[in-house]
Amino acid sequence: MKSVYRWTSRILVVFTIFFLSSANSVALAASPHSHTAPNIRLRHGTSSNWSGYAAYGSNGNFNSVSATWTQPAVQCNSQSTYSSYWVGLDGYNNSTVEQLGTEGDCSGGNASYYAWYEMYPHPGYYANITVHAGDVFNASVTYRNGGQYTLTLTDVSTGKAFSTTQRMSQAKRASAEVVVEAPWSGGTLPLANFGTAGFTNSLANNQPLGGFSSLDPITMLNPYGMKATPSGFDTTKKNFSISWSAN
């Protein structure tokens, strides 16, 4: 979630919600951006707002997704730029996304970091866990039956964790993603220079994400060329990286 308006129509409201079965049973404010509209596909394998990998299939094919990454330190200048790092179900080929992750933004030459979750098209919310560049995070989204999803983010470096269970009865569970995103606020926001983001132990349905036959590597583009590009998977089919090229 960005420190502007995140998720597709995030407005800076200070209303709160109480999480269903949350391990952190506190009320959190709405995140300032829209963490994402679903994948804005330009053509097969390219997007204006996502870079990473998506495994996809029929409705009900995916019950879980997880990955680990080190929070990149974003490189800031005078431009305001934004970047999200997340795992999620849905969004690749349908209109909901059940997701959570971390954020690295630049404003006024300064970097800021935070964590968020979102059950799009509902608003996104801050996750009650501190984010520092260089910390290692593990994130997972798991379907729990009855339209309920448990979203968990753990700072492996500190041992702190956030977890919440949310309902999204209309979700199709037709894809699983590990993604770097340029967030949305009335349009795709400029992508922060994160250098390279490495993802390890990337799993869908507890299987290596890179082992799925229906798997799309997604390159993020702007009108002038590439913004962010995924590498191939290593031999375990669990580990890959995403490299920044442009805003």
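Heavy atoms only: backbone and side chains are in, while hydrogens, waters and symmetry mates are out.
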| message | For residues 214-231, which residue pairs pass the side chain to side chain donor-acceptor pair (under 3.5 Å) check, not counting sequence neighbours? | response | Tyr92-Asp216, Ser231-Ser241
| task | Can you sort out the partners of Trp244 under side chain to side chain donor-acceptor pair (under 3.5 Å), two or more places apart, ordered by chain and number? | result | none
| field | All side chain to side chain contact (heavy atoms under 4.5 Å, CB included) counterparts of Asp155, not counting sequence neighbours | value | Ile129, Asp135, Phe137, Ser157, Thr158
| query | With no hydrogens and no angle check, do the side chains of Thr68 and Asn138 hold a donor and an acceptor under 3.5 Å apart? | reply | yes
| task | Quick one: list whatever passes side chain to side chain donor-acceptor pair (under 3.5 Å) with Thr142, sequence neighbours left out. | result | none
| query | Taking the side chain from Ser202 and the backbone from Lys238, do they hold a donor-acceptor pair closer than 3.5 Å? | reply | yes
| Exercise: identify the closest heavy-atom pair between Ser175 and Gly91 | OG-N, 3.9 Å
| task | Say whether Tyr85 and Leu203 are linked into one hydrophobic cluster, either directly or through other cluster members, by side-chain heavy-atom distances under 4.5 angstrom. | result | no
| said: Once side chain to side chain contact (heavy atoms under 4.5 Å, CB included) is applied, do any residues pair with Ser243, and if so which ones, sequence neighbours excluded? | reply: Thr196
| query | Heavy atoms, side chains only, cut-off 4.5 Å: are Tyr143 and Arg173 in contact? | reply | yes
| remark: For Phe62, the ring-ring contact (aromatic ring centres under 6.0 Å, His included) test, sequence neighbours excluded, returns Phe212
| task | With rounding to the nearest 0.5 Å, note down the distance linking CE in Met119 to CG in Leu89. | result | 9.0 Å
| At what distance, to the nearest 0.5 angstrom, does OG1 of Thr164 lie from CZ of Phe162? | 5.0 Å
| query | Does a donor on one side chain and an acceptor on the other come within less than 3.5 Å for Gln79 and Thr81? | reply | no
| request: Check Ile218 against Ala54 and note the closest heavy-atom contact, atom names and distance. | output: CD1-CB, 4.0 Å
| request: Flag the pair Trp50 / Trp86 as yes when their ring centroid distance falls below 6.0 Å, and as no otherwise. | output: yes
| request: Provide the closest heavy-atom pair for Thr102 versus Gln71 in the form atom of the first, atom of the second, distance. | output: OG1-OE1, 2.5 Å
| Are the aromatic rings of Phe233 and Tyr53 close, with centres under 6.0 Å apart? | yes
| query | Met168, Tyr125: one ILVMFWY side-chain cluster at the under-4.5 Å cut-off? | reply | yes
| Would Trp184 and Ile40 satisfy side chain to side chain contact (heavy atoms under 4.5 Å, CB included), going step by step from the backbone distance to the final call? | CA-CA 11 Å; Trp184 176 274; Ile40 302 173; 3.3 Å; yes
| said: Do Tyr117 and Gln166 have side chains that approach each other closer than 4.5 Å (heavy atoms only, starting at C-beta)? | reply: yes
| query | Taking only residues two or more places apart in sequence or in another chain, which ones pass side chain to side chain contact (heavy atoms under 4.5 Å, CB included) with Ala228? | reply | Ser51, Leu191, Phe194, Met220, Ile242
| query | Taking side chain as C-beta onward, heavy atoms only, is Val74 less than 4.5 Å from Ser83? | reply | yes
| query | If you look at every heavy atom in Ala67 and Phe199, which pair is closest and at what distance? | reply | CB-CD2, 4.5 Å
| query | Can you tell me how far the SG atom of Cys106 sits from the OH atom of Tyr82, to the nearest 0.5 Å? | reply | 9.0 Å
Side-chain donor-acceptor contacts of residues 204-211 below 3.5 Å, not counting sequence neighbours, with atom names and distances?
{"residue": "Asn205", "atom": "OD1", "partner": "Asn63", "partner atom": "N", "Å": "2.7"}
{"residue": "Asn205", "atom": "OD1", "partner": "Ser64", "partner atom": "N", "Å": "3.4"}
{"residue": "Asn205", "atom": "ND2", "partner": "Asn61", "partner atom": "O", "Å": "2.8"}

| remark: In short, disulfide (SG to SG under 2.5 Å) pairs touching residues 165-247 with sequence neighbours left out are none
| request: Consider only side-chain heavy atoms of I, L, V, M, F, W and Y, link residues closer than 4.5 Å, and tell whether Val65 and Leu215 are in one cluster. | output: yes
| query | Residues two or more places apart in sequence or in another chain: which of them pass side chain to side chain donor-acceptor pair (under 3.5 Å) with Thr236? | reply | Asp234
| field | Set of residues satisfying side chain to side chain contact (heavy atoms under 4.5 Å, CB included) with respect to Thr150, sequence neighbours excluded | value | Arg144, Thr152, Ser163, Thr165
| query | What pair of heavy atoms forms the shortest contact from Glu98 to Ala171, and how long is it? | reply | OE2-CB, 3.4 Å
| query | Can you check side chain to side chain contact (heavy atoms under 4.5 Å, CB included) on Val87 and Trp69, steps first, answer last? | reply | CA-CA 10 Å; Val87 303; Trp69 64 90; 4.0 Å; yes
| said: Going by side chain to side chain donor-acceptor pair (under 3.5 Å), name the residues that satisfy it together with Ser47, two or more places apart in sequence or in a different chain. | reply: Asn39, Asn49
| said: Using 0.5 Å steps for rounding, measure from the OG atom of Ser48 to the CG atom of Leu221. | reply: 8.5 Å
| request: Could you tell me which non-hydrogen atom of Pro72 sits nearest to which non-hydrogen atom of Ala197, and how far apart they are? | output: CG-CB, 3.9 Å
| Tyr126 reachable from Tyr120 in the ILVMFWY side-chain graph, under 4.5 Å edges | yes
| message | Any side-chain to backbone donor/acceptor pair from Asp90 onto Ala174? Under 3.5 Å, distance only. | response | yes
